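Have a look at the structure below, then the notes.
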Amino acid sequence: MSKPRVLYWFRTDLRLHDSPALKAALDLQPEVLYPIWCWDPHYVYHARVGNNRWQFLIDCMNDVSRSITNLNPNSKLFVLREPAVTLLSKLFTAWRITHIVFEKDTDAYARERDKQVVESARKAGVEVIVKSGRTLWDSDDIVKAHNGKPTMSISQLQSAGSKVGDIALPIEPPKSIPNPGDTNLDIKQERPSSEPDINEQYRDADEGSYSFGIAGPNGDYSVPTLKELGLKAATTPHRGGESVVLGKLHIILADEDYTGTFEKPKTSPAAFEPQATCLTSPYLHFGALSCRYFYHRIEEIVERRRKAKRPVSEPPTSLTGQLLFRDMYFAAQAALGYSFGQTYNNDHCRFIPWHLPSRIDVSTKLITGDYEVDDEVKQREFIRWREGKTGFPWIDAIMRQLKYEGWIHHLARHAVACFLTRGGCYISWERGAEVFEEWLIDHEAACNIGNWQWLSCTAFYSQFYRCYSPIAFGRKWDDNGDFIRKYVPELKDMPKKYIYEPHKAPVQDQKKAGVLIKGDGEEEERDGTRVYPKPMFDFPTQREICIQGMKAAYHVGLRGKSPQVLDGTWKRLFDDHAEGPTEGGLGGPGGMMSFDNVDGIEIRHRAPATPKRGVKREASDASPSKSAHTRVRGQSTLDGAFRKKKP
DNA sequence: CACTATGTTGAGTCT
DNA sequence: GAGACTCAACATAGT
């Protein structure tokens, strides 16, 4: 009997250490093994991927390719410029493949893609081997152990995990890699549609993912460069790769006090050079670091310290606790699929009438990636938040660090996420999640979505009255404002007294510091002096509006699958003057104002385009035209209900 | 059913 | 400067 001819399909498992899938491939004792990467249009065109994350991915691919070559000079990572769903069936024949092996991916999109690949393998008589390796436990096992429901708290995850069993011990990296077979290919390349290409903004030349043919510009299946892809140079200082992270980890683990007593809430979001946390998240995302390897290396140290009666930290705040949260979000996503990423049609999300709501395709019940501008003021606030020009230096420093470096501390993510949603702008968490998706080098769909739901008090968390101040929270960690001085350099000479609130500095202090505090962020310089904007709103006022809005939304108590959310009648339950696009009695699906964007769906209603801004917020002077809407509750009823249940 | 304790990561005031 | 307490208040698990 002839020996197996194996395709090892690398995806987000760009490592050789502790890879159950790679071990399974090598255990077949193949005659030939092709380590391949298929160029996926989802990543190139459809998902939001900034050039910093591209660079990090390319680093990881180059690193794993070098590691393969170190084990076998004839082999490397073969990058094929065609989507897996069209390429693989042709490859099965051309390279006489008997087995395809890959690591399980529970992301909603990846499940769809992999289902098609498995089907094409079945048709070709190719055996498929899929191994879980991305999480501590197989996320589908966790869901099963949790009765098919998403894990919504760390204790639920821990209890489900204990039912599934022990976290697998790490697997040694291979000592050798078989030869690849003949790599000549005489097949027709199918190029995917580039529509919609939402990453066009990152290119300054023609996109070259597919234009050089399957084997790339040199015909050698090389890892592409940013230049080949037409992408602008990355600005992040963080470099990817398995060997990079294993080196970093060696240093982290050598500090046993740090590793053994790590408590996430006590690490500073304002620390830079070095950062207060390990910065392992992007490596975990691309699979350059195995979470189980990381987990057991930490546990070794913690166990040793326990025996020696030295202090140790415990989940959820400890380092292993961070990995448990990651598994919690993965399992929640595994249970819910695409709907995990949106409020609409997701019963685990509370419905809150945020500004800038996502557009929804009623035929698929999915968000479209576009959104509705219910209020131009809110749109401007969103852009200013995104670009780091809110006039709140702490927020702006974080957003600029995110944009240029692609990584920000976990608590910094809290600060800006709270500010955009429930603790400042009252803008949809889905807008914020999209920006993070685009800019983070460690973007992990499950974790990003879950954390945005958490911070916006949409799911996982509900204590909306615990609100981060854009002034006090930063000051607690960094009184001198060194973090702001680095990332908002126009404020670098601002006196400490005013660094968090520069608009309060007298004009002579501003001049002395070489910066003028004025305007809305449009103007960057005047007469040779740098300009930094005034705050875009009064924070205490806006905080109060948000908390009242959250109270009202919680009291109404709708969820993403409530009939009123699905059909747009949710507006009847909200006062017209409640925060968000709440006017009228019938809106579009989800939080939308109108219902006119879906092909083939009858236009049932179009909300009045009256902007609410400028309308007095007192409920009593509602105009007669507005009171024509049928409302289940008036503001007075709601106010009564807000009082404490107990007198 | 009522009640209590707890939940990785708030802010402000007082001691 | 660290720690206790209060502010107003949500959801859930457990008793």
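Each chain gets a letter, A, B and so on, in the order its sequence line appears, and its residues count up from 1. Computed from a prediction, not measured in an experiment: that's the story for all the values here.
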TODO: Just compare B:dT9, C:dC10, B:dA11 and give me whichever is closest to any side-chain atom of A:H410.
DONE: B:dT9
Task: Minimum-distance nucleotide to A:S469 side chain [options: C:dA8, B:dT8, B:dA11] - done: B:dA11
Open item on the list: Categorize A:E314 for me: base, sugar-phosphate, or nothing, with a 4.0 angstrom heavy-atom threshold over every strand shown.
Closed with: nothing
- [ ] Could you please name the option among B:dA11, C:dC10, B:dT8 that lies closest to any side-chain atom of A:T317?
- [x] B:dT8
Open item on the list: By the 4.0 Å heavy-atom rule, please label A:F325 as base, sugar-phosphate, or nothing.
Closed with: base
Open item on the list: Return the pairing partner of B:dC3 with a 3.5 Å limit on both distances, Watson-Crick or G-U wobble; otherwise return none.
Closed with: C:dG14
Open item on the list: Is it true that A:D396 and A:T390 share a donor-acceptor pair across their side chains at a distance under 3.5 Å?
Closed with: yes
- [ ] Under 4.0 Å between any heavy atoms, over every strand shown, what does A:R475 touch: base, sugar-phosphate, or nothing? Just pick one.
- [x] nothing
Open item on the list: Suppose you measure atom C1' in C:dA9 against the same atom in B:dG7; what distance do you get, rounded to whole Å?
Closed with: 14 Å
Task: Atom P, compared across C:dA4 and B:dT6: separation rounded to whole Å - done: 15 Å
Open item on the list: Nearest heavy atom decides the nucleotide; on that basis, is A:I547 or A:R559 closer to the 5' end of DNA chain C?
Closed with: A:I547
Task: Spacing of A:L324 atom CG relative to B:dT9 atom C1', expressed in whole Å - done: 17 Å
Task: Heavy-atom neighbours of A:Y258 OH exceed 12 at 6.0 Å - done: yes
- [ ] Determine, stepwise, if the pair A:Q564 / A:T569 fulfils side-chain hydrogen bond (donor to acceptor under 3.5 Å, both in side chains).
- [x] CA-CA 5 Å; A:Q564 298 95 324; A:T569 55; 5.6 Å; no
TODO: Quickly work out the A:Y468 OH to B:dA11 P distance and round it to whole Å.
DONE: 8 Å
Task: Whole-Å distance separating the CH2 atom of A:W454 from the P atom of B:dG7 - done: 11 Å
Open item on the list: Just N and O in the side chain of A:K266: are any of them under 4.0 Å from OP1 or OP2 of B:dT9?
Closed with: no
Open item on the list: Checking contacts here: which listed nucleotide (B:dT8, C:dA8, C:dA11) is nearest the side-chain heavy atoms of A:S462?
Closed with: C:dA11
TODO: Check every strand shown and say whether A:W477 touches a base, only sugar-phosphate, or nothing at a heavy-atom separation below 4.0 Å.
DONE: nothing
Task: Between C:dC10 (P) and A:L558 (CG): distance, integer Å - done: 16 Å
Open item on the list: Quick check on A:D166: does its CG atom have over 12 non-hydrogen neighbours (other residues, nucleotides or ligands) under 6.0 Å away?
Closed with: no
Open item on the list: By nearest atom, which of the nucleotides C:dC10, C:dA13, B:dT8 is closest to the A:I154 side chain?
Closed with: B:dT8
Task: Who pairs with B:dT15 - Watson-Crick or G-U, where each distance is under 3.5 Å - done: C:dA2
Task: Atom-to-atom span, CZ of A:R543 to C1' of B:dG10 - whole angstrom - done: 8 Å
- [ ] Could you give the distance separating C:dG1 and B:dG12 at their C1' atoms, to the nearest angstrom?
- [x] 16 Å
Open item on the list: Suppose we call a contact any N or O donor and acceptor under 3.5 Å apart; does that hold for the side chain of A:Y465 and the base of C:dA9?
Closed with: yes
Task: Separation of the P atoms in B:dT8 and C:dC5, to the nearest angstrom - done: 23 Å
Open item on the list: Between A:Q463 and B:dT6, is there a contact of a side-chain N or O with OP1 or OP2 at under 4.0 Å?
Closed with: no
TODO: Describe the nucleic acid contact of A:Q322 in one word from base, sugar-phosphate, nothing, applying a heavy-atom distance below 4.0 Å.
DONE: base
TODO: Provide the distance between the two C1' atoms, one in C:dA13 and one in B:dT9, to the nearest whole Å.
DONE: 22 Å
TODO: Tell which nucleotide pairs with B:dG10, taking only Watson-Crick or G-U wobble pairs whose two distances are both under 3.5 angstrom.
DONE: C:dC7
Open item on the list: Quick one, A:Y465 with A:K551, criterion side-chain contact (heavy atoms from CB on, under 4.5 Å). Give me CA distance, side-chain angles, the key distance, then yes/no.
Closed with: CA-CA 9 Å; A:Y465 44 88; A:K551 261 199 223 175; over 6 Å; no
- [ ] In whole angstrom, give the distance that lies between atom CG of A:L411 and atom P of B:dA11.
- [x] 11 Å
- [ ] For atom NZ of A:K163, decide whether the heavy atoms of other residues, nucleotides or ligands shown that lie under 6.0 angstrom number more than 12.
- [x] yes
Open item on the list: Could you tell me how far apart A:I471 (CD1) and B:dA11 (P) are, to the nearest whole angstrom?
Closed with: 10 Å
- [ ] Check step by step if ring-ring contact (aromatic ring centres under 6.0 Å, His included) holds for A:Y283 and A:F56.
- [x] CA-CA 9 Å; A:Y283 304 92; A:F56 206 92; 4.9 Å; yes
Task: d(CZ, A:F473; C1', B:dT9) in whole Å - done: 6 Å
